[in-house]
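One-based numbering along the sequence shown.
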Amino acid sequence: MRAEAFELPEHLKEKLTKAKKLEWITILYLVTVVVIMYLVMGSSQAMKTAWLEDALSMVPAISFLMASRTYNKKPTQKFQYGFHRVFSIAFLTGSVALFGMGLFLLVDSAITLIKAEHATIGTMVLFGKQIWMGWIMIAALIYSSLPAMYLGYKKLPLAKKLHNKILYTDANAQKADYMTGFAAMVGILGLGMGWWWADASAALFISFSVLKDGYTNLKDAVEDLMDRKPLHIEDDKPDELVEKVENFIKSWSWVEDAKARFREEGQVYFGDVQVIVKSGTDVSKSIEIGLEKLHEFHWKIYDVTIMPVSYTHLRAHETVLDL
């Protein structure tokens, strides 16, 4: 067990600082979006849905910033494994909020469509000219989409480097924010053409998108907390780092065979390695040196236990892991 406070490698500290800065920019930007969208949304169901989604999208950014203040604290008597899972908890919190809001928006939009409620978009006088409010709404949607897409693209590479799922989820959602804006624009233009159902249909499409993302993220968050094996942050493929660590250990002169298993604790991996030790080995000293080598091997490999076992035990353990 490691008792010292966690420190990211120097090249990643800079990435984390940049990610924090982008999240602060995101929050400030989204506050302006939420205010503008609220002022212009009128009775449009699509605008209301897009507004709620924009308000909800602040949750991942806030969660990331809060978790960033805690994750690297030194382990305590009460929390002996440290505070790394705070990122997993933040990921779960954001996923639950997203899923819940998606469900609410889906029901709300469906009811509006079933009741055949006819939303109307009025006009306003601006600089002495009468302007259809739909154009103002579309301008607000463009403002809510394009900067968000840019922020999402800037965060994605940082999330991958830091192996941070809450940041990756936030970045991916913002990168795809144009879909929400486009759907809402279609609904508003449909209303302008007299298609009363276009607005509620657009809201329904947006709510389906929110619900799908919420379900996917919630599933991943729960599986991570159930100690699922480490996966790539951008897909469901196993992280090759585990196999590399296992092969690295097998290359040690005093190890005859080995099997490793790891779980994700926020950004880092905790795990254990069962080894068959060659005869004549000073086990205690070899394990101590081996642990130092593993901690230097990759920054993600944070807390590892090396345990000498018999050949029979290792084979049984290997069979379970291969199921």
Any residue meeting side chain to side chain donor-acceptor pair (under 3.5 Å) with [X], in chain and number order, not counting sequence neighbours:
X: Lys229; result: none
X: Glu10; result: Lys13
X: Thr17; result: none
X: Arg263; result: Glu265

For a ring-ring contact (aromatic ring centres under 6.0 Å, His included) check, start with the C-alpha distance between Phe262 and Tyr302, then their side-chain angles and the critical distance, and finish with the verdict. CA-CA 10 Å; Phe262 286 91; Tyr302 179 71; over 10 Å; no
Measure the [atom1]-[atom2] distance between [X] and [Y] for me, rounded to the nearest 0.5 Å.
X: Glu223; Y: Glu264; atom1: CD; atom2: CD; result: 11.0 Å
X: Ile142; Y: Met137; atom1: CD1; atom2: CE; result: 14.0 Å
X: Leu8; Y: Glu14; atom1: CG; atom2: CD; result: 12.0 Å
X: Leu204; Y: Leu106; atom1: CG; atom2: CG; result: 5.5 Å
X: Leu291; Y: Glu296; atom1: CG; atom2: CD; result: 11.0 Å
X: Asp54; Y: Met37; atom1: CG; atom2: CE; result: 5.0 Å

Determine, step by step, whether Val268 and Asp303 satisfy the side chain to side chain contact (heavy atoms under 4.5 Å, CB included) criterion, reporting the C-alpha distance in whole Å, the side-chain angles of both residues, the deciding distance to 0.1 Å, and the verdict. CA-CA 9 Å; Val268 296; Asp303 199 317; over 6 Å; no
Same apolar cluster (I L V M F W Y, side chains within < 4.5 Å links), [X]/[Y]:
X: Ile25; Y: Leu65; value: yes
X: Phe248; Y: Val277; value: yes
X: Tyr71; Y: Tyr81; value: yes
X: Tyr168; Y: Leu231; value: no
X: Phe83; Y: Met66; value: no

Contacts of [X] that satisfy side chain to side chain contact (heavy atoms under 4.5 Å, CB included) - sequence neighbours left out:
X: Ser310; answer: Thr312, His313
X: Met307; answer: Gln274, Val309
X: Ser68; answer: Leu16, Lys20, Phe64, Phe87

Going through the distances and angles, do Lys293 and Trp252 end up as a side chain to side chain contact (heavy atoms under 4.5 Å, CB included)? CA-CA 10 Å; Lys293 288 180 179 179; Trp252 296 347; 4.0 Å; yes
Taking every non-hydrogen atom, the tightest pair across [X] and [Y]:
X: Val255; Y: Lys278; result: O-CE, 3.6 Å
X: Ser57; Y: Leu30; result: OG-CD1, 3.4 Å
X: Val40; Y: Ala140; result: CG2-CB, 3.8 Å
X: Gly266; Y: Ser88; result: N-OG, 3.3 Å
X: Trp299; Y: Leu162; result: CH2-O, 3.4 Å

Any side-chain heavy-atom pair from [X] and [Y] closer than 4.5 angstrom?
X: Leu167; Y: Leu22; result: no
X: Val31; Y: Met58; result: yes
X: Phe270; Y: Thr305; result: no
X: Pro230; Y: Leu241; result: no
X: His298; Y: Val245; result: no
X: Ile306; Y: Ile249; result: no
X: Phe104; Y: Leu52; result: yes

Co-members of Phe182 in a cluster of I, L, V, M, F, W and Y side chains, linked at under 4.5 Å: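 Via sub-4.5 Å side-chain contacts, Phe182 links to Val186.
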By ring pair (Phe, Tyr, Trp, His ring centres under 6.0 Å), Tyr215 pairs with (sequence neighbours left out) none
Who passes ring pair (Phe, Tyr, Trp, His ring centres under 6.0 Å) against Tyr38, sequence neighbours left out? Trp51
Looking at Asp220 and Arg228, does any basic side-chain N land under 4.0 Å from a carboxylate oxygen? yes
N-O pairing of Arg85 and Asp227 below 4.0 Å: yes
Atom [atom1] of residue position [X] - does it have more than 12 heavy atoms of other residues, nucleotides or ligands inside 6.0 Å?
X: Tyr143; atom1: OH; result: yes
X: Lys212; atom1: NZ; result: no
X: Trp135; atom1: CH2; result: no
X: Lys300; atom1: NZ; result: yes

Quick check: His163 with Tyr269 (ring centres under 6.0 Å apart)?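 Here the rings of His163 and Tyr269 have centres that are less than 6.0 Å from each other.
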Counting N and O atoms only, with roles assigned by atom type, does the side chain of Thr169 sit under 3.5 Å from a partner on the main chain of Ile166, one being a donor and the other an acceptor?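 It does not hold such a pair.
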Main-chain N/O of Leu12 paired with Lys161 side-chain donor or acceptor, under 3.5 Å: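 Side chain of Lys161 to backbone of Leu12, a donor-acceptor pair under 3.5 Å: no, none is there.
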Enumerate donor-acceptor pairs with a distance under 3.5 Å from any side-chain N or O in residues 145-159 to protein atoms, sequence neighbours excluded.
residue: Ser145; atom: OG; partner: Leu141; partner atom: O; Å: 2.8
residue: Lys155; atom: NZ; partner: Glu23; partner atom: OE1; Å: 2.7
residue: Lys155; atom: NZ; partner: Thr26; partner atom: OG1; Å: 2.8
residue: Lys155; atom: NZ; partner: Asp170; partner atom: OD2; Å: 2.8
residue: Lys155; atom: NZ; partner: Gln174; partner atom: OE1; Å: 2.7

Would you be so kind as to tabulate the donor-acceptor pairs closer than 3.5 Å made by side chains of residues 90-102, with sequence neighbours excluded?
residue: Thr93; atom: OG1; partner: Ile89; partner atom: O; Å: 2.9
residue: Ser95; atom: OG; partner: Phe91; partner atom: O; Å: 2.7
residue: Ser95; atom: OG; partner: Asn217; partner atom: O; Å: 3.3

